[in-house]
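Here is the structure we will look at.
Just so you know, ligand 1 is whichever comes first in the structure, and atom 1 is the first atom listed for that ligand. This structure is a prediction, so every number in the text was calculated from the model and none was measured.
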Amino acid sequence: MITDSPRFEPFSPDPHAVISESGEWIAPFDLDLDDDTLRGMYRNLVLARLIDERLVRLQRLGKTSFVAPGAGHEGAQVGIAHAIEIGRDWLYPYYRDTGLVAAIGWPLEKLFGQMLATRADPARGRQMPAHPGSRALNVFTVASPIASHVPPAVGTALSQKIAGKGDVTVCTFGDGATSEGDWHAGVNFAGAQGAPIVFACENNRYAISVDLNHQTGSGGIAAKAHAYGMPGYLVDGMDVLACYYVMREVVANAREGLGPALVEMAVYRYGPHSSADDDSRYRPAEEVAAWRLRDPIARLRRFLERRSLWGDEAEEGLRSEIAGELDEAVAAAEAAGPQDVDTLFEDVFAELPAHLERQRERYRLARRAAGEDG
Ligand SMILES: Cc1ncc(C[n+]2csc(CCOP(=O)(O)OP(=O)(O)O)c2C)c(N)n1
């Protein structure tokens, strides 16, 4: 059992890694994942990267207004996705987690429908792009105010504790989020109550233009766990298997009643903060280039190749298969058509108040006058 033999020390000064940059297994324990699982993780890494590239293109084409690129975060996101029980545990992601929701199997048509705000969007176009949510998969809809999802995530974990079924919550966020009052209130409460929650920080060293040294005087994010009475782990976020194994251990601990944990995953975002940002104004190109050399996809590929589980042909096949899936999903999301403005009046009131009823009527008349269905 995992908790009987913990594999990772909390508060280690160096990040935990299980495969080296050149793809060798370097952990002091044996790999216990089968070949299909390893290839499945690799697929999810590539899927996340290709979705990211597609979204940037869609934004450039004017089809979506906002993209928060996730390239460079895939190792952390896919590691988390494989460590939870999908549909049983609860996930509170943040806006950069597109790769995470894709990896847990959120249908791509919905994903692009959300990004394009078409009728394929289960949230009916009411959210900003990059704000997914899924009732079926227990994914709390992404909230724009930084760290505002942390206290509700702890509330979910407390309800899981009370229900006593061993379900767990995972809440993700960036390094900047750890400076917010909501973050401290939530993490403190989780520590005080022993809530079954894992706080996973995708530390890309920047909160838009604010670098980590100006973000916190703390020696890293994991160190903050000390104050709240929980273990804090520093993980190499460019090593998907390290992220997976650390998450698996702390999720298992939370499931068994050992309380919360904080996991800091050292990642990097290759692109700008968002489609509205110019990162060249606050960070040197050499720094970006150096992190790109540590790419999580290339690293897992080297690991698979050493085991003869991957090669050029498989790579080509995978990339064209995913490209086809993305073409189809985007086409289906677009074909669903734009959201009907009428939805503005739905789902809030059981009975529409008179002033909104009047507005809806005026809107319908205007549509009829314009020759549209009203
Ligand atoms: C409460 C609040 N303050 C400010 C913002 C504006 N804002 C959006 S993203 C962001 C940076 C967050 O950085 P971090 O938490 O490190 O995540 P990253 O985007 O780097 O992944 C800020 C300040 C916001 N959305 N909410």
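Within the structure, the closest approach of Q215 to ligand 1 does not fall below 4.0 Å when heavy atoms are considered.
Ring orientation note: the planes of W25 and F303 are tilted relative to one another, at an angle of 30° to 60°. Ring geometry for W183 against Y228 counts as perpendicular: the plane angle is over 60°, on a 0 to 90° scale with 30° as the lower cut. A parallel orientation is assigned to the rings of Y95 and H131, their planes being inclined by less than 30° (bins at 30° and 60°).
For ligand 1, the atoms closer than 4.0 angstrom to any heavy atom of P145 are 26 (N). Numbered from 1 in the order shown, with element, the atoms of ligand 1 that lie under 4.0 Å from a heavy atom of N204 read 18 (P), 20 (O), 21 (O). Proximity to Y206 (heavy-atom distance under 4.0 Å) selects the following atoms of ligand 1: 16 (O), 20 (O). Using a 4.0 Å cut-off to heavy atoms of G174, the atoms of ligand 1 that qualify are 14 (P), 15 (O), 16 (O), 17 (O). Against a heavy-atom cut-off of under 4.0 Å, A177 is close to the following atoms of ligand 1: 15 (O). Residue R96 has at least one heavy-atom neighbour below 4.0 Å for each of these atoms of ligand 1: 18 (P), 19 (O), 21 (O).
Counting protein heavy atoms only, atom 3 (N) of ligand 1 is closest to E180 OE2, 4.0 Å. The nearest heavy-atom contact from the protein to atom 11 (C) of ligand 1 is I208 CG1, 3.6 Å. Shortest contact from atom 21 (O) of ligand 1 to any protein heavy atom: Y94 OH, 2.7 Å. Scanning the protein for heavy atoms near atom 14 (P) of ligand 1, the closest one is G176 N, 3.4 Å. Looking only at heavy atoms of the protein, atom 12 (C) of ligand 1 is closest to Y95 OH, 3.2 Å.
No hydrogens or angles considered: nothing links the side chains of Q160 and W90 as a donor-acceptor pair under 3.5 Å.
Of all heavy-atom pairs between R269 and H73, the closest is CB-NE2, 3.8 Å. Taking every heavy atom of both residues into account, M238 and Y268 meet most closely at SD-N, 4.2 Å.
Using a 4.5 Å cut-off between side-chain heavy atoms of Ile, Leu, Val, Met, Phe, Trp and Tyr, with links allowed through other members, L158 and V250 fall into different hydrophobic clusters.
Y245 is listed as a side-chain neighbour of L31, based on a closest heavy-atom distance under 4.5 Å. Within the 4.5 Å cutoff, the side chain of M265 has no heavy atoms near those of the D236 side chain. Contact check for R126 versus T343: side-chain heavy atoms found under the 4.5 Å cut-off.
Atom CD of E361 has more than 12 neighbouring heavy atoms from other residues, nucleotides or ligands inside a 6.0 Å radius.
Put simply, atom 6 (C) of ligand 1 has no protein non-hydrogen atoms near it, under 4.0 Å away.
Residue I146 touches ligand 1 through backbone and side chain together, judged by heavy-atom distances below 4.0 Å. Using a 4.0 Å cut-off between heavy atoms, E202 makes no contact with ligand 1 at all. Residue-level proximity to ligand 1 for H273 is carried by the side chain, the only part with a heavy atom below 4.0 angstrom. Of the heavy atoms in S144, only backbone atoms (N, CA, C, O) come closer than 4.0 Å to ligand 1.
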